[in-house]
Amino acid sequence: MQSFIGFLQKEFYHIFRDRRTAMILFGMPLIQLLLFGFAIRNEIQDVKLGVYDQSRDTVTKEIIDKFASSGYFVLSRELQSQHEIEEAFSAGNITEALVFEPGFAERLQRDGKANVQVITDGSNPNVSRIVSGYTAAVLQDYRNSSLQRAGTEAGVVPVPLMMFNPELKSVDLFVPGLMALILMLVSALMTSISITREKENGTMEVLLVSSLRPAQIIIGKVVPYFLLSFINVVTIITVASLVFGVPCRGSILLLLLESLLYIVTALSLGIFISSITSSQQVAMMIALGGLLLPTILLSGFIFPIASMPLPLRVISNLIPARWYLIIVRSIMLKGAGFSYIWKETLVLVVMSTVLMAASIKKFKIRLQ
Amino acid sequence: MRTIRFILQKEFLQIFRNRGMLPIIFVMPFIQLIILSYAATFDVSRVPFNLQQRDHSATAQRLAEKFTSSGYFNLTGYSFSDRESQSELVARRADLVLVIPSNFERDLVTTGHAPVQLMINAEDGFSAGVIQTYANEIVGNFNRDELKLLIPGGEVEAVGEIGILSSNWYNPELKYTHYMVPGIIVILVTLIGLFLSGMNVVREREIGTIDQINVTPIKRYQFITGKLLPFWIIGLGELSVGLVIARFLFHVPMLGSYWLVYLVAGIYLLVVLGMGLLISTVTETQQQAMFIAWFFMVIFTLLSGLFTSIESMPHWAQTMTLFNPVRHFVDIMRRVMLKGSGVTEIARPLSILTAYAAVMLALAVNRYRKVSE
């Protein structure tokens with residue numbers, strides 16, 4: 001036990017005497033969260049709209065006014081022909097074009113249906129989809145108000161109730177995702193080189209001839225980083241709620257505990273990488289190159305997992321961030337208690353245990 | 001020239017004899033490219049759906065059936081109170097709860113209209129909007145088909161319907177793979193380039209072998225060239241494999257010219273490698289170098305417009321992305337591959353990259369000192 005405490009002490013010195021690294025460890029996650037929290041959104045302001053109105057009647061005028069006053073769209077120009085639409089798109093003057101068919105109002109009256117063509121630039125499907133969504137909303141809105149005017153609010157009327165995020169702010173969606181991403185990357189990175197570094201510097205021999213057992217060495221490597229990450233967790237949660245106003249409807253204590261569990265998973269993953277690699281370079285490449293894109297893409301941070309093809313939905317189960325993300329969103333946005341998230345918590349516990357056990361088992365007590 | 005050749009030889013040997021590193025450089029990126037390119041999609045489908053039906057009339061039943069048979073929604077259960085419904089939403093067993101109130105049919109027949117409530121999980125505002133559109137569509141169909149039967153003589157559709165005909169130019173089926181693959185190739189090439197070069201010099205310093213080089217008559221530019229060239233070649237190699245995968249596995253069109261892509265890639269890699277070397281020369285340990293490289297890599301990736309569009313960022317962030325080389329290369333790759341842009345169309349991002357490359361290389365050469373402290 002005495003030697004273990006001594007070992008812990010050594011690890012702490014390692015971290016704190018390297019001022020630059022310590023500063024990086026605390027400063028960078030904070031800067032990143034602030035930066036991305038403001039920059040990563042999926043609302044699009046001022047969509048540049050081109051209108052080709054072949055009908056020019058009162059109804060199309062009303063609809064166009066509806067678009068202009070919706071807050072999403074800016075009328076960028078009136079177009080006169082199909083050809084002009086093409087030009088406007090390739091010059092980047094418009095993001096969306098609306099084409100009203102000739103005799104719009106008349107058809108609407110006579111046939112009960114009239115068509116408007118919505119053209120978007122599919123080479124950016126993200127923008128394309130969002131803009132189409134706005135368009136559908138504005139048209140729906142127009143229809144609702146004309147129904148009301150007609151006084152025949154007829155039939156079944158759906159009344160939507162947007163739960164958990166009534167203003168549909170993407171901040172509330174993305175900030176928890178950023179927390180998951182940043183904590184994962186920074187924690188895994190920290191421990192990934194901790195053992196390989198000793199191997200590479202040749203100080204491993206000293207550890208191996210000491211009375212420390214593999215489990216003690218592994219745990220001793222994780223503990224200091226755990227305490228450091230704790231500070232990161234606290235700052236990140238504080239920034240999320242104070243700066244970005246993400247509500248925390250559930251228990252903050254639960255959120256904190258779950259975050260600490262997640263940190264342990266990330267640190268264990270790092271230490272596992274460290275125990276199977278032989279040089280810092282390899283360890284860091286795996287921790288960075290191997291985690292960055294999968295964590296962004298398969299955690300459900302930006303792209304919903306439910307709509308991925310089956311093999312990817314299966315693979316995504318291996319990504320710790322996926323589970324943590326569910327937990328954070330449930331606690332913060334939905335105010336969920338532990339009974340709703342115990343499964344996800346259990347997955348993280350199992351992951352940490354397996355990774356830890358594997359690292360201890362993989363830890364070689366002989367030099368090669 | 002001979003000196004440079006020797007450094008080159010040394011660097012290549014070092015890379016190819018490092019067994020642990022080889023699969024990371026030459027296998028991992030492509031596995032990621034193949035798997036992850038399929039991950040990106042915003043399609044909202046199989047929405048889990050819960051039904052709170054307080055009216056058990058035939059009409060309510062038919063409305064509920066319209067929802068379950070629509071193909072958009074996947075009925076996962078029933079709830080019997082708002083409390084229960086909410087708890088289904090919290091437990092993620094449903095993203096939509098349809099509440100059909102009691103006396104639904106009676107109200108509909110007597111007054112001509114009746115509300116139903118849609119409780120939508122709006123954590124993700126965009127998906128919530130899509131779910132709402134689906135639901136409105138179903139209710140609209142219901143009104144058209146069923147109401148005439150229910151309310152004799154009542155003209156229900158006094159207001160006409162506006163049909164939306166959508167078309168998406170340049171990528172009619174909104175194929176995300178076409179959009180993602182060029183971007184992911186860029187990220188992977190950057191990742192490998194930045195980390196290899198970023199760790200290189202600092203590693204020699206940490207291990208102590210830098211002193212052996214410092215006591216030779218190698219000139220600064222020779223040293224930098226010798227360090228950069230191997231990674232430059234590897235980067236272009238990675239890009240080539242990526243393009244082959246894009247072409248034959250994902251069938252991403254290549255409307256522009258490959259020469260142009262390589263020309264841009266050549267310049268782009270100088271930016272990345274120059275940045276890596278700069279990081280490597282100003283840091284003391286591999287750990288520090290790694291953290292700084294990581295910091296920039298994450299920023300470059302998330303602010304590249306690859307996952308969320310640049311258009312949705314606030315203006316100051318949009319301006320900031322002009323300093324993001326990844327953004328420009330992703331942009332160029334997409335334009336050349338999907339729209340067939342030529343040199344004139346990409347002149348602006350290309351000139352930014354060129355200027356960037358010049359600055360980075362100058363800084364890297366300038367910061368490298370043969371004197372150890």
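Order of the sequence lines fixes the chain letters, A, B, ..., with proteins taken first and strands second; residue numbering starts at 1 for each chain.
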Colleague: Test L36(B) against every option in I296(A), I315(A), L298(A) by the side chain to side chain contact (heavy atoms under 4.5 Å, CB included) rule and name the one that passes.
Modeller: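 That would be L298(A).
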Colleague: With a sphere of 6.0 Å drawn around CD of Q45(A), does it hold more than 12 non-hydrogen atoms of other residues, nucleotides or ligands?
Modeller: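 No - once you tally the heavy atoms of other residues, nucleotides and ligands closer than 6.0 Å, there are 12 at most.
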Colleague: Compute whether any side-chain donor of one residue and acceptor of the other, for E206(B) and Q280(A), lie under 3.5 angstrom apart.
Modeller: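 Yes, side-chain donor-acceptor contact under 3.5 Å.
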Colleague: Measuring heavy-atom distances to chain A, does L33(B) have an atom under 4.5 Å in its side chain, in its backbone, in both, or in neither?
Modeller: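 Neither; nothing under 4.5 Å.
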Colleague: Measuring heavy-atom distances to chain B, does P294(A) have an atom under 4.5 Å in its side chain, in its backbone, in both, or in neither?
Modeller: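 It is both, since atoms from each part get that close.
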Colleague: As an exercise, state the distance from CG of L161(A) to CD1 of I120(B), rounded to the nearest 0.5 Å.
Modeller: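 With rounding to 0.5 Å, CG (L161(A)) is 8.5 Å from CD1 (I120(B)).
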Colleague: Quick one: do I302(A) and T308(B) satisfy side-chain contact (heavy atoms from CB on, under 4.5 Å)? Show the steps, please.
Modeller: CA-CA 8 Å; I302(A) 296 175; T308(B) 57; 4.3 Å; yes
Colleague: Side chain, backbone, both or neither: which part of E101(A) has a non-hydrogen atom closer than 4.5 Å to chain B?
Modeller: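 Neither part; nothing is under 4.5 Å.
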Colleague: Please find the pair of heavy atoms, one from N121(B) and one from F164(A), that lie closest to each other, and give the distance.
Modeller: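 Shortest heavy-atom separation between N121(B) and F164(A) comes out as OD1-CD1, 3.4 Å.
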Colleague: Please give me the minimum heavy-atom distance between S330(A) and V90(B), naming the atom from each residue.
Modeller: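 Minimum heavy-atom contact is OG-O, 4.5 Å.
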Colleague: Please state whether the side chain, the backbone, both or neither of R197(A) comes within less than 4.5 Å of a heavy atom of chain B.
Modeller: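 Contact with chain B is through the side chain of R197(A) alone.
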Colleague: Please flag which part of A39(B) lies under 4.5 Å from any non-hydrogen atom of chain A: side chain, backbone, both or neither.
Modeller: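 Both backbone and side chain.
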Colleague: Non-hydrogen atoms of chain A under 4.5 Å away: do they reach the side chain of I25(B), the backbone, both or neither?
Modeller: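 Neither part; nothing is under 4.5 Å.
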Colleague: Could you tell me which of Q318(B), M320(B), M290(B) has the largest number of non-hydrogen atom pairs under 4.5 Å with chain A?
Modeller: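 Heavy-atom pair counts peak at M290(B).
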Colleague: Is there a side-chain contact (heavy atoms from CB on, under 4.5 Å) between S87(B) and Y340(A) once you walk through the steps?
Modeller: CA-CA 9 Å; S87(B) 128; Y340(A) 287 102; 3.0 Å; yes
Colleague: Between M119(B) and chain A, with a heavy-atom cut-off of 4.5 Å, which part of the residue counts as in contact: side chain, backbone, both or neither?
Modeller: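 Answer is both: backbone and side chain atoms of M119(B) are under 4.5 Å from chain A.
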Colleague: Can you check side-chain contact (heavy atoms from CB on, under 4.5 Å) on L288(A) and L191(B), steps first, answer last?
Modeller: CA-CA 9 Å; L288(A) 285 166; L191(B) 200 73; 5.5 Å; no
Colleague: Taking heavy atoms only and a threshold strictly under 4.5 Å, list by residue number the residues of residues 91-99 of chain B that touch chain A; give 'none' if the list is empty.
Modeller: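 The stretch touches chain A at A91(B), R92(B).
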Colleague: Go through the atoms of F174(A) and report whether side chain, backbone, both or neither lie under 4.5 Å from a heavy atom of chain B.
Modeller: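 Interface part for F174(A): side chain.
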Colleague: Between F291(B) and chain A, with a heavy-atom cut-off of 4.5 Å, which part of the residue counts as in contact: side chain, backbone, both or neither?
Modeller: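 Contact with chain A: backbone and side chain both.
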Colleague: By a 4.5 Å heavy-atom criterion (distance strictly below it), what part of Y38(B) contacts chain A: side chain, backbone, both, or neither?
Modeller: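 When you check distances to chain A, atoms from both the backbone and side chain of Y38(B) fall under 4.5 Å.
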Colleague: Just wondering, do M297(B) and L292(A) contact through their side chains at under 4.5 Å, heavy atoms?
Modeller: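 Heavy-atom side-chain distance check passes, below 4.5 Å.
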Colleague: Identify the two heavy atoms, one from A39(A) and one from P314(B), that lie closest to each other, and give their separation to 0.1 Å.
Modeller: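 Taking A39(A) first and P314(B) second, the nearest heavy atoms are CA-CD, 3.9 Å.
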Colleague: Heavy-atom distance under 4.5 Å to chain B: side chain of I193(A), backbone, both or neither?
Modeller: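 Side chain of I193(A) only, per the 4.5 Å heavy-atom cut-off to chain B.
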Colleague: Answer with side chain, backbone, both or neither: which region of R313(A) has an atom nearer than 4.5 Å to a non-hydrogen atom of chain B?
Modeller: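 Side chain only.
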Colleague: Below 4.0 angstrom, N of the basic side chain to O of the carboxylate: do R329(A) and D124(B) qualify?
Modeller: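 The answer is no: the pair does not qualify as a salt bridge.
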Colleague: Measure the CE-CE distance between M199(B) and M284(A) for me, rounded to the nearest 0.5 Å.
Modeller: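 The distance works out to 5.0 Å.
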Colleague: Testing the basics here: between K334(A) and L89(B), what is the closest heavy-atom pair and its distance to 0.1 Å?
Modeller: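 Smallest heavy-atom distance, with atoms named: NZ-O, 3.0 Å.
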Colleague: If you apply the rule side-chain contact (heavy atoms from CB on, under 4.5 Å), what do you find for R129(A) with F126(B), and how did you get there?
Modeller: CA-CA 9 Å; R129(A) 250 174 232 281; F126(B) 178 71; 3.8 Å; yes
Colleague: Heavy-atom cut-off 4.5 Å, strictly under: side chain, backbone, both or neither for Q32(B) against chain A?
Modeller: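 Only the side chain of Q32(B) comes within 4.5 Å of chain A.
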Colleague: With a sphere of 6.0 Å drawn around OH of Y176(B), does it hold more than 12 non-hydrogen atoms of other residues, nucleotides or ligands?
Modeller: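 Correct, the count exceeds 12.
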